[in-house]
Amino acid sequence: MTKSVTTEMHGEIAVIRIDNPPVNALSHHVREGMLRELGAAQENNAKAAILVGRGGTFIAGADIKEFGKPPKEPMLPEVIHQIEAITIPVIAVIEGNTLGGGLEVTLGCHYRVADAKAKLGLPEVALGLLPGASGTQRLPRLLQNPVEALTMISSGRPINAAKAEAIGLVDKVVDGNALEAALEMANGLNNDNLDARRISKIELTMTPELEAVFDGAMVEIAQKAKGSIAPVKAAECARAAYNIPFDEGMKLERQSFLELMVGDQSQALQYMFFAERQSPKPPKDVTGAPRDVKKVGIIGAGTMGGGIAMTYAEAGFPVTILEMTNEALDRGLGTIEKNWARGIKSGRITEAGVAERMSRLSRTTSYDDLADCDLVIEAAFETMEVKRNVFRKLDATVKQGAILASNTSYLNVDEIAAETNRPADVLGMHYFSPANIMPLLEIVRAEKTADDVLLTALAMAKKTRKTPTISRVGHGFIGNRMLTPYLRQANLLVLEGASPAQIDKALTDFGWAMGPFAVSDLAGLDIGYKSRQDQELSEDETRIYTAADRLVEAGHLGQKSGSGFYAYDPEIRGRSENSAATEIIEQVRSELGINTRAISDEEIVERTQFALANEGAHVLAEGVATRASDVDVVYNYGYGYPRWRGGPMHYVDTVGLKHVAAKIAEWSDSAQSVHWNPSDLLMTLADEGKSFRQWDAENS
Ligand code: 3H9
């Protein structure tokens, strides 16, 4: 077996190379190899050793695939301790992604040389962990700036090499060959004063001023963490570096790391790490290569069309936007320009940058101008009639081989495809509003969609930095379909006695970015109203939304009209109780003869979350989604589901499917039975003592 860590002598300097594709993670053999090769360099009296990664990246962190398996010595903190203690100078060559345990390895080294394009960070909190190989103890000692150290440790955000140099994290930044620069440095070094380069030896002292800085920072970190515990724990360890000696700090860090590792949050976040990498992978039966896309057409310059056009222009594509009238184009392009220009103030983009993006956009009212597009995405009005009409025109004008996509959020893509003579070139590309910001792209693989068309949509997701999930055709696909039972339970709970504010609070306390009633007000209550009018809902179903419908009929359309479930103050952009809504709700309850009762937050969470997962299970059983983890990706990236809970399917796994199934069975057997359609898949998994995670492992 080839070694993953090898040494090459450059004169008196040992260049130790780490080669563990794809990201040089610190797997057991790498940890062992580093100690072996460094030990040999010391024994052979090398003048210095240089640690460098193969493939343009240093080390992207601990090997996440080893988490949860029995630990194997040497453990990383010990490896780093031994690197620091070695008697010859060790230089780290920081290139590419130098993250987590990788950055911690550089902190054990005596010198750090960085490539100008390197990214340095401690992203452990994104996995629900904290830097567990001395990062919380060595980084504050090296930087001597508690705010910078706390920010890196608790936010998980990587920084670039220039910033790293500015805050004292690296000794030198090189725009060129970092290894050459490290060799030059090594040849000029002696090991006389190596102790001064050992970061663990640096002493930190707490002062009353620093205590105040930490107090303020801790409050901010807890707020930003939004229920995630790792950032707070990580910051507490970093603060302790000022109060206790290094060895004690290491013990605290280790203990906190291990506690987090076995907790539900870290388990969920680790699961999401793999789920989001799994979701863009095409199904096994799909073969071929993506088509070439050079030019993109967008039908519709409204909110969705505009956002999608921005997405492609930001990724460098020339985009032609089609609208029915020049006035609509003026409005749409005006909004796009305004949206981009907003970034000028905050420094996200320059005026020239906005101009450059605008120059990628062309406008037209004629389908002929879309003829040479390689991909056309329709974001027109959401009715089948409109979509059919658009696709007929596209079929008649756009060149053969082009991909024709619909941004429909509910409609049947097979029916849309059947309107053309090339259904194999048609698929759904469902973006989420605002499309230039929201990361999710639900790709709808229709019955006849060709493999290379699906692969092209996946490739475009990557190029435009979206997280894609593949769905099959079905009303509302994965995400919107699951919303219906979720909103049904929320509205039922209001009828039964909970207030919209109680429900929203219970769900934001659970971790959702927004509660269902605040979201409905934001989207506009007239949207749900119209959709209910368009569908033939049963009497039972219509009854649930009586209060919501009455609100619309009384002119409470949500934020846009100043009131909906809540009242909105445009001055402070805050919301408060809408007494008119409270009155309407009370009146509806009395008309429907409902005896209200006190409803616990626990019931709110269980009914809404279990309804979501139950529908997710239907989606899986019908083959609309392939993996439970895809469903979770959809909810994380498209609907503001708390990532540290993993997603609706992972959440019910954590609760235990036996309990979930028992609750659903109980509700299905009660007065609310008509509102439940228990999933056979969920019930069977519960009976068999299995989880959705196991189902994924067995079925994909
Ligand atoms: C840590 O370090 C703890 C320590 O403090 C303490 C320890 C005691 N391990 O993302 P990509 C795989 S915690 C194993 O598509 P990109 C990934 O699954 C760790 N595997 O590429 C994928 O596999 P596949 C702290 C890993 O170029 C493939 O590599 N570090 C790891 O878009 C390509 O990944 C982090 O949290 C890993 N550490 O992005 C960094 N990383 O092809 C996590 C990746 O089979 N990693 N893989 O699906 C990342 O953020 C990104 O992967 C990175 C590259 C930015 C590096």
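Atoms within a ligand are numbered from 1 in the order they appear, just like the ligands themselves.
- Here the shortest heavy-atom distance to atom 35 (C) of ligand 1, taken over A60, G102, G61, G156, belongs to A60.
- Taking all heavy atoms of E66, K462, K65 into account, the minimum distance to atom 23 (O) of ligand 1 is reached by K65.
- Using modelled atom types, no side-chain atom of D452 and backbone atom of A289 make a donor-acceptor pair closer than 3.5 Å.
- Residue contact check: G101 has heavy atoms under 4.0 Å from atoms 1 (C), 2 (O), 4 (C), 5 (O) of ligand 1.
- Near F273, meaning under 4.0 Å from one of its heavy atoms, ligand 1 places the atoms 18 (O), 41 (N), 43 (C), 44 (C), 46 (N).
- Atoms of ligand 1 lying under 4.0 Å from any heavy atom of D63, numbered from 1 in the order shown and given with element: 9 (N), 14 (C).
- When heavy-atom distances to ligand 1 are checked against a 4.0 Å cut-off, K281 comes that close only through its side chain, counted from C-beta outward.
- Of the heavy atoms in L127, only side-chain atoms (C-beta onward) come closer than 4.0 Å to ligand 1.
- Contact annotation: for P22 versus ligand 1, heavy atoms closer than 4.0 Å belong to the side chain alone.
- Of the candidates P280, G132, S134, G132 brings a heavy atom nearest to atom 6 (C) of ligand 1.
- Under the 4.0 angstrom criterion for non-hydrogen atoms, N97 is in contact with ligand 1.
- Heavy atoms from both the backbone and the side chain of I64 come within less than 4.0 Å of ligand 1.
- At a heavy-atom distance under 4.0 Å, no atom of Q278 approaches ligand 1.
- By the definition of a contact as any protein heavy atom under 4.0 Å away, atom 32 (O) of ligand 1 is not in contact.
- At least one heavy atom of P131 sits less than 4.0 Å from an atom of ligand 1.
- In summary, R627 and D696 do not engage in a salt bridge, as defined by a charged side-chain N under 4.0 Å from a carboxylate O.
- Not less than 6.0 angstrom separates the ring centroid of Y641 from the ring centroid of Y651.
- A salt bridge between R465 and E314 is absent, with no side-chain N of the basic residue lying under 4.0 Å from a carboxylate O of the acidic one.
- Near G100, meaning under 4.0 Å from any of its heavy atoms, are these atoms of ligand 1: 2 (O), 25 (C).
- Residue N145 places its CG atom among more than 12 non-hydrogen atoms of other residues, nucleotides or ligands, all under 6.0 Å distant.
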Begin with the C-alpha distance, continue with both residues' side-chain angles, and end with the deciding distance and a verdict on salt bridge (Lys or Arg N to Asp or Glu O under 4.0 Å) for D215 and R239.
CA-CA 10 Å; D215 284 345; R239 181 182 195 157; 2.8 Å; yes
